[in-house]
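Values below: all heavy atoms of this structure, side chains included; hydrogens, waters and symmetry mates excluded. Residue numbers begin at 1 in each chain, while the letters A, B, ... track the order of the sequences.
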Amino acid sequence: MTEIAEIYKSRLANLDGWRDIGVEPYANKVEVTHHAGDLQKKYADIEAGVETGDEVTVAGRIMSVRNSGMFIDLQDHTGKIQIFSHKQSLAPKYMDTLKLYDLGDIITVTGKVRRTPRNELTINSEHIQLLSKSLQPLPEKHHGMTDIELRYRKRHIDLTDNEISKDVFIKRSKIITAIRQTMLNEGFLEVETPMMHPIPGGAVAKPFVTHHLALDQQLYLRIAPELYLKRLIVGGISDKIFEIGRCFRNEGLSPKHNPEFTSIEAYQAHANYEDMMDLVEKTVQEAVRAVHDGSTKVTYKEKEIDFGGNWPRKSMTELVKEKTGIDFLKVTDPEDAIKKGREIGLDVPDGSNWGQVVEIAFDEKVEDTLVQPIHVTDLPMDISPLAKAKKDNPLLTERFESFVNGWEIANAFSELNDPFDQYRRFKAQAEQKDAGDDEAHHFDEDFIETLEFGMPPTGGLGIGLDRLVMLLTDSHNIRDVIAFPTMRPAAAASLVTRMDSES
RNA sequence: GAUCGCUUAGCUCAGCCGGUAGAGCAACUGACUUUUAAUCAGUAGGUCGAGGGUUCGAAUCCCUCAGCGAUCACCA
């Protein structure tokens, strides 16, 4: 017999012990008056040995036991507090039950608050009751669960004993709230658009495919909400709209990529990409302040990043010129650009267009150096199929990407609103698709029809939330900021199931 | 997808020049009772990720596979 089964049987015996004395081991709700962390704050100043006489009821999980149940460390979502059980204050019928408790059990305790002579804030239990029996053992108490795979697969265990992990997810929530609140304060209307699309669009990516039975129709999980948000702009529900939601891309996993991830997209009619830069700064700064006590400074991997103030705005070609000495605005023939790029050691594929060469130069020579926040503007038309061209230079678009720590955290542009141009660009994408590019855009006639009704000049913005959370919590893997990251399936080990099948 | 690395008790980890598997915590039995990783005595717990090979003998060496991680490529 395995050890885990021994532990299970011992706990099952205790569970039966509770039933023997007429206590249901999975109780109904009880009234909780206080939380551990709040009590620690409230009584922070009382001295060792002081008994307050204040009666409280708390509830939480047993994290450790000393002196055969005399001392229990109880943990709730706010913190920990010690429970003291002694025959002086606890009736014999409760004293007798102390031996039935196991680590991990969820209990409720009522009693008076005191600080022990050893200076530990403590509740003298007068009433103690089991709320939920724990049958599975918790991780080792000193080191906790360090196996990173288990932490991702068993987040409920990770959260019970890992303060850092818990803190990250609380901060993630605060960041989303701050961004939502900033958007609302700026007059944006929060909207929802479909996650199941008949035609995937709005980005260049491979989609997940699913099927609707009743309609007998193929559907795609959205790779971006963009085209539907633009439909709402055309409809004029509001000049300013935003959506916070999940996108799905059927691509590789990495420390910076999860197949489902959260984006914030905002669209503003009668605005352009420059207005979007202001919006990025506002929302991101509020998010930073929300989790850094009002400061805009963050430390990521020992580097200090200051999100405050107005971020510099520099064009992509200018940045490339600074780092490589090549002014691609003066080398606009694709063949010449390829040649120039290769001269400085860039890995440029044959047949690249001008914009692709500029992008490669930027990726290889500039990107990593952009540690402090910056808006990289005027991206090439060739790599910006949904962005409006610059008035004075058709090679470039009114588009920018915001970089922090060498990562793109936002992407925005003045949206293409010309149905003829959109038609041509979809057609070009469709041809690429026929030629075997499975990431190319589908031809979305319905969207062109939408634009034919007239979309006002509009600024659009997308922010990758998960990476922002990584930056603001000093997390180095996207899986650390997603509660249940995508993993290969692993066998569960329910003891109830196993014992049932063995008997 | 490529390269490298990891996988030993429920958890955290030793053991790896090949010679029948070890500690701490958790668990169990008992002692003790104002502790703070409580302490003390004892008990139990393992298909060493899976499969194959070399060998008299494999946790240890070799091969295949799986899961996970790091880096790279695509991408946010």
May I ask you to verify if any side-chain N or O of A/N477 is less than 4.0 angstrom from the OP1 or OP2 atom of B/rA70?
yes

Any A/R488 side-chain nitrogen or oxygen under 4.0 Å from OP1 or OP2 of B/rG67
yes

On a whole-Å scale, what distance lies between the C1' atoms belonging to B/rC6 and B/rU60?
16 Å

Once you apply the 3.5 Å cut-off to both distances, tell me the Watson-Crick or G-U wobble partner of B/rU43, or none.
B/rA27

B/rU12, B/rA27, B/rC68: which one has an atom nearest the side-chain heavy atoms of A/S10?
B/rA27

Distance test, side-chain N/O of A/T146 to OP1/OP2 of B/rC13, below 4.0 Å
yes

Taking atom types as modelled, is there a side-chain donor on A/Y43 or A/D54 under 3.5 Å from an acceptor on the other?
yes

Taking the C1' atom of each, how far is B/rG10 from B/rG46, in whole Å?
12 Å

Check whether any side-chain nitrogen or oxygen of A/R153 sits under 4.0 Å from OP1 or OP2 of B/rC68, and answer yes or no.
yes

Side-chain donor or acceptor of A/T116 under 3.5 Å from a matching atom on the base of B/rU36?
yes

Contact class for A/G144 vs. all strands (heavy atom < 4.0 Å): base, sugar-phosphate, or nothing?
sugar-phosphate

Of A/L138 and A/D363, the one whose closest nucleotide on RNA chain B sits nearer the 5' end is A/L138

Below 4.0 Å: OP1/OP2 of B/rC28 and any side-chain N or O of A/K99:
no

Nearest-Å distance once atom C1' is located in both B/rG49 and B/rA66:
8 Å

Heavy-atom nearest nucleotide on RNA chain B for A/R66 versus A/Y152: which residue maps closer to 5'?
A/R66

What do the steps show when you test A/W18 against A/Y26 for ring pair (Phe, Tyr, Trp, His ring centres under 6.0 Å), and what is the final call?
CA-CA 10 Å; A/W18 286 106; A/Y26 299 99; over 10 Å; no

For A/D20, I'd like to know if atom CG has over 12 heavy atoms of other residues, nucleotides or ligands within 6.0 Å.
yes

By nearest atom, which of the nucleotides B/rU12, B/rU34, B/rC28 is closest to the A/D102 side chain?
B/rC28

Shortest side-chain distance from A/S64, nucleotide among B/rC11, B/rC28, B/rA38:
B/rA38

For B/rA38 and B/rG19, measure between their C1' atoms and round to the nearest Å.
42 Å

What integer number of Å spans the P atoms of B/rC48 and B/rA21?
10 Å

From the candidates B/rU34, B/rU12, B/rC25, the one with an atom nearest any side-chain atom of A/N67 is B/rU34

Minimum-distance nucleotide (side-chain atoms of A/R114 versus B/rU34, B/rU12, B/rU36)
B/rU34

Would you call A/E415 and A/K388 a salt bridge, using N to O less than 4.0 angstrom?
no

Counting only heavy atoms from other residues, nucleotides and ligands, does the tally under 6.0 Å from CD1 of A/I164 exceed 12?
no

From the options B/rC74, B/rA37, B/rG10, select the nucleotide whose nearest atom is closest to the side chain of A/E251.
B/rC74

Counter-base of B/rC4, judged by Watson-Crick or G-U geometry with both distances under 3.5 Å:
B/rG69

Can you tell me how far P in B/rG52 sits from the matching atom in B/rU20, rounded to whole Å?
23 Å

Could you check whether A/E120 gets within reach of a base, just the sugar-phosphate, or nothing at all, counting any heavy atom under 4.0 Å?
base

When all nucleic acid strands are considered with a 4.0 Å heavy-atom cut-off, which category describes A/S68: base, sugar-phosphate, or nothing?
base

Could you tell me whether the phosphate oxygens of B/rA26, OP1 or OP2, come under 4.0 Å of any side-chain nitrogen or oxygen in A/K141?
yes

Would you please indicate yes or no on a ring centroid separation below 6.0 angstrom for A/H375 and A/Y273?
no

Quantified in whole Å, what is the P atom distance between nucleotide B/rG51 and nucleotide B/rA9?
16 Å

